[in-house]
Amino acid sequence: MALQQGSFTLDTLAAGWLGFPFAYLVGMFCDWFVASKIAKGVAFRFLVKPQDSTLKKALYISCGMVVVMVILMSLYGSCEGAFHTGNWGAVPMNWLVNIPRNFIMALPLQLLIAGPLVRRVFRAAFPEGKVLA
């Protein structure tokens, strides 16, 4: 929001905070129904084999999901910006500008912080060999 509006103000913060719930729902929908299917499909078809390590599979799927989600959510952000400004002609250029900006932030965040943290919490909650299906 601050990059699109050109400054970081209380209005920018409020607009981002108020837009967050809908953006979260859109993001979850895209993650669940689009990104995960594409990332897993590409990973298991071209990049990993069933006998590869769990970490390798997780890293390839995570990277694939970051790529797809960055593309989709950058489009969402560009459309949301156009909704507020009324400048729909700027959507394609804003989308293309936002993709590398978001990718630079999302990939390291996923690989270095979010992914390892979620795997650690999941393993603590569901120890390997202790949960029966």
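Rounding to the nearest 0.5 angstrom, the gap separating the CE atom in M69 from the OG atom in S74 is 10.0 Å. Between atom SG of residue C63 and atom CG of residue L111 there is a gap of 4.5 Å, rounded to the nearest 0.5 Å. A distance of 11.5 Å separates CD in Q110 from CZ in F103, rounded to the nearest 0.5 Å. We find the CG-CG distance between L72 and N102 to be 11.5 Å, quoted to the nearest 0.5 Å. Taking CG from L107 and CG from L112, the interatomic distance works out to 8.0 Å, rounded to the nearest 0.5 Å. With rounding to the nearest 0.5 Å, the separation of CG in L55 from CZ in R119 is 6.0 Å.
Counting side-chain heavy-atom gaps under 4.5 Å among Ile, Leu, Val, Met, Phe, Trp and Tyr, the cluster of V97 also holds M93.
Checked against salt bridge (charged side-chain N to carboxylate O under 4.0 Å, His left out), K56 has the following partners two or more places apart in sequence or in another chain: D52. Legend: residues meeting side chain to side chain contact (heavy atoms under 4.5 Å, CB included) with A82, ordered by chain and number and at least two apart, are W88, V91.
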*I would like to know whether D31 and M65 meet side chain to side chain contact (heavy atoms under 4.5 Å, CB included); could you show each step before the answer?*
CA-CA 8 Å; D31 181 55; M65 289 184 70; 2.6 Å; yes
*asked:* Please evaluate residues L13 and T9 with respect to the criterion side chain to side chain contact (heavy atoms under 4.5 Å, CB included), reporting the C-alpha separation (whole Å), side-chain torsions for both, the decisive distance (0.1 Å), and the verdict.
replied: CA-CA 6 Å; L13 184 63; T9 63; over 6 Å; no
*May I have the step-by-step check of side chain to side chain contact (heavy atoms under 4.5 Å, CB included) for Y60 and V42, ending in yes or no?*
CA-CA 9 Å; Y60 276 106; V42 170; over 6 Å; no
*Step by step, would you call V26 with C30 a side chain to side chain contact (heavy atoms under 4.5 Å, CB included)?*
CA-CA 6 Å; V26 170; C30 290; 4.2 Å; yes
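With S7 contributing its side chain and A2 its backbone, the two residues share no donor-acceptor pair below 3.5 Å.
The local environment of CG in L10 is sparse, with at most 12 non-hydrogen atoms from other residues, nucleotides or ligands closer than 6.0 Å. Crowding of K40 atom NZ: a count of heavy atoms from other residues, nucleotides or ligands under 6.0 Å not exceeding 12. Within a 6.0 Å radius of CZ in R45, no more than 12 heavy atoms belonging to other residues, nucleotides or ligands are found.
Here the shortest heavy-atom pairing between R123 and E128 reads NH1-N, 3.5 Å. Between K57 and K49, the closest heavy-atom pair is CE-O, 3.6 Å. Contact record, G89 with P92: O-CD, 3.5 Å, taken as the closest heavy-atom pair. Residues G64 and A39 share a closest heavy-atom pair of C-CB, 3.7 Å.
Across V70, V67, L75, a single residue satisfies side chain to side chain contact (heavy atoms under 4.5 Å, CB included) together with I99, and that is V70.
Residues V48 and F44 have side chains in contact (heavy-atom distance under 4.5 Å, counting atoms from C-beta outward). Under the 4.5 Å side-chain criterion, counting only non-hydrogen atoms from C-beta, Y76 is in contact with F22. Counting heavy atoms from C-beta on, the side chains of R101 and N98 come closer than 4.5 Å.
One hydrophobic cluster holds both L47 and I61 under the rule that ILVMFWY side chains link at heavy-atom gaps under 4.5 Å.
Using the six-membered ring where Trp is involved, F126 and F122 have ring planes that are tilted, between 30° and 60° apart.
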